[in-house]
Amino acid sequence: MGTHVNGSIRKIPVIQRLGRLQHQAKVALGARTKDQVFAGPLYVQIGVVNSCNYRCTFCWDQPSFVPKDAPFTDKISEEYYTKHPEIDRNKAHMDYGMFTDLVDDLEAMGTRKIKFIGRGESFLHKRFMDMVTYAKERGFVVSITTNGSLVSDDDARRLVELGVDEMYVSLNAGTTPTYRAIHLNTPPDAFETIKRTMSLITEAKREAGTIYPRLHLSFVIQNNNFRELEDMVRVAHEVGAEKAHFIGISTYEGTKFLALNEEEKTEMPQCLDRAVKLADEFGIATNADYFLSRARIYKGTQDVYSEVPCYIGWFFSIILADGTVNPCCECLRALGTLKMDRFKDIWYGEKYRKFRVENTNLPFAEKEIPGCRCHDCGFSLHNLAMHRVLHPVRGRRIEQDAYGFEDLKQFI
């Protein structure tokens, strides 16, 4: 991907491609060391607000099963937020100056992809479209994850004009009744309204002669919606989405009732197979292979990390709306705050260095990295792919599905 142009293909200048290759090489070189880093992450996730207008049954960040004033979803969460009372968990909106400083640092460090996703809904931020504009004007690949409920008609057209690279719309259902059961306290017409907005984006793309933003509908698969996989594909086709993206639910205290039981786990691949056949008929892409691979290791990822280090400290980082810097979605551990330091100083700083040492030593540790869910990790296949890129001979000996460079590019 590169600078936006009308039409279906973006031509990236040779000098820009060489710059990205150089950055990737620096990331890989650092990842082969124990604690050194020579460039910024491959991509970052920025949450510009911590609040959300939805209360989804499966959500860890904005849980529906605990009061808003005490949402400790598990012991790791409770320990983290008790230790960091300064973090504004539910109300923080990122200061615009903090955001532009962060983007400037990332640009200087070689990072070229930003994913707008965090604890809350990005479109709640009054200057969110200004943030998207700032990132696109500096040549970043921009991805937005949203529940879609707050995207205005003007926003929809502007996203196309800006050449936003991709949008993931969290729909999580194929029918209105299931949508309302999962997304609590939503208006009766919310499902149809979001479908209309996605169709508007598709129409604006057609009028502009572009395929951007690439539109993906995202579905967290749980026991109350897995039988709607075909309906999900139909909705994707109806609104003009390019992909139906399936995500296995990560359960924690309070949402275990949403996990598939053994009988449902046996039935689910059959539902998925029918959905994939329908997607093929419609010309819609899916991530079915990865979804099934993740499902097969859902009982835990300790076996992966008994042989593979965690490389998250080299290729990814999360910045929350209040400026807190966390290493990844599976690790509640503050490595710094943009209220005190610039991102580049945090990334190259001592706390991050020590964290990378722990990542490197993970295969030799008897327990998870403090604050992290290493034994139920959504990044395990990312790390396996990275390991096989860095250690092609050694990595192929690991008895897991063959993930490598092409898969890593898809992950990021």
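Owing to the predicted nature of the structure, the values given are computational and were not obtained by experimental measurement.
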Could you go through V132 and F128, starting from their C-alpha distance and side-chain angles, then the distance that decides it, and tell me whether this counts as side-chain contact (heavy atoms from CB on, under 4.5 Å)?
CA-CA 6 Å; V132 174; F128 179 58; 3.6 Å; yes

For [X], check side chain to side chain contact (heavy atoms under 4.5 Å, CB included) against everything at least two apart and list the hits.
X: N224; answer: I182, Q222, L258
X: K354; answer: E350
X: A156; answer: V151, L200, I201
X: A288; answer: L272, V276, T286

side-chain contact (heavy atoms from CB on, under 4.5 Å) for V325 and L338? Distances and angles first, verdict last.
CA-CA 7 Å; V325 177; L338 300 186; 4.2 Å; yes

For the atom pair [atom1] ([X]) and [atom2] ([Y]), what is the distance rounded to the nearest 0.5 Å?
X: L124; Y: L150; atom1: CG; atom2: CG; value: 5.0 Å
X: K344; Y: Y348; atom1: NZ; atom2: OH; value: 9.5 Å
X: M167; Y: L215; atom1: CE; atom2: CG; value: 6.5 Å
X: R227; Y: R274; atom1: CZ; atom2: CZ; value: 10.0 Å
X: S380; Y: E330; atom1: OG; atom2: CD; value: 9.0 Å
X: I144; Y: I46; atom1: CD1; atom2: CD1; value: 11.5 Å

Contacts of [X] that satisfy salt bridge (charged side-chain N to carboxylate O under 4.0 Å, His left out) - sequence neighbours left out:
X: D341; result: none
X: D280; result: none
X: E228; result: none
X: E192; result: K195

Strictly distance-based, threshold 3.5 Å: is any side-chain N or O of [X] a donor or acceptor partner for the main-chain N or O of [Y]?
X: W314; Y: L29; answer: no
X: T360; Y: K34; answer: yes
X: D105; Y: R342; answer: no
X: Q36; Y: T33; answer: no
X: S218; Y: V169; answer: no
X: T111; Y: E107; answer: no
X: K26; Y: G30; answer: no
X: N326; Y: C328; answer: no

Over all atoms of both residues, closest heavy-atom pair of [X] and [Y]:
X: L229; Y: I221; value: CD2-CD1, 3.7 Å
X: Y212; Y: D165; value: CD2-O, 3.6 Å
X: E242; Y: I211; value: OE2-O, 3.5 Å
X: M94; Y: M131; value: O-CE, 3.7 Å
X: H23; Y: L42; value: CE1-CA, 4.0 Å
X: L320; Y: R119; value: CD2-CG, 4.4 Å

Is the cationic atom of R138 (NZ for Lys, CZ for Arg) positioned less than 6.0 Å from the six-membered ring centroid of Y134 and within 45 degrees of its normal?
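Judged by the rule (NZ or CZ under 6.0 Å from the ring centre, within 45° of its axis), R138 counts as positioned above Y134.
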
Under a 3.5 Å threshold, yes or no: a donor from one side chain and an acceptor from the other, between [X] and [Y]?
X: H387; Y: Y311; value: yes
X: D154; Y: S152; value: no
X: N147; Y: S149; value: yes
X: S317; Y: Q45; value: no
X: T178; Y: T175; value: yes

Do NZ/NE/NH1/NH2 and the carboxylate oxygens of [X] and [Y] come within less than 4.0 Å?
X: E230; Y: K277; result: no
X: D155; Y: R158; result: no
X: R333; Y: E358; result: yes
X: D35; Y: R356; result: no
X: K205; Y: E161; result: no

Qualifying residues under ring pair (Phe, Tyr, Trp, His ring centres under 6.0 Å), relative to [X], sequence neighbours excluded:
X: F282; value: H237
X: F226; value: none
X: Y352; value: W347
X: H245; value: Y168

Would you call the rings of F191 and Y179 parallel, tilted or perpendicular if under 30° counts as parallel and over 60° as perpendicular?
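Because their plane-to-plane angle lies in the 30° to 60° range, the rings of F191 and Y179 count as tilted.
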
Return the orientation label for the F58 and H183 ring planes: parallel under 30°, perpendicular over 60°, tilted otherwise.
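Rings of F58 and H183: perpendicular, as their planes differ by over 60°.
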
Audit row: N185, Y54, side-chain hydrogen bond (donor to acceptor under 3.5 Å, both in side chains) steps and yes/no
CA-CA 8 Å; N185 305 319; Y54 270 24; over 6 Å; no

Distance flag, aromatic centroids of F379 and F316, threshold under 6.0 Å
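They qualify: ring centres under 6.0 Å apart.
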
C372 and C331 SG atoms less than 2.5 angstrom apart:
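Taking the criterion (SG atoms under 2.5 Å apart), C372 and C331 satisfy it, so yes.
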
side-chain hydrogen bond (donor to acceptor under 3.5 Å, both in side chains) assessment of N172 paired with S170
CA-CA 6 Å; N172 307 310; S170 301; 5.0 Å; no

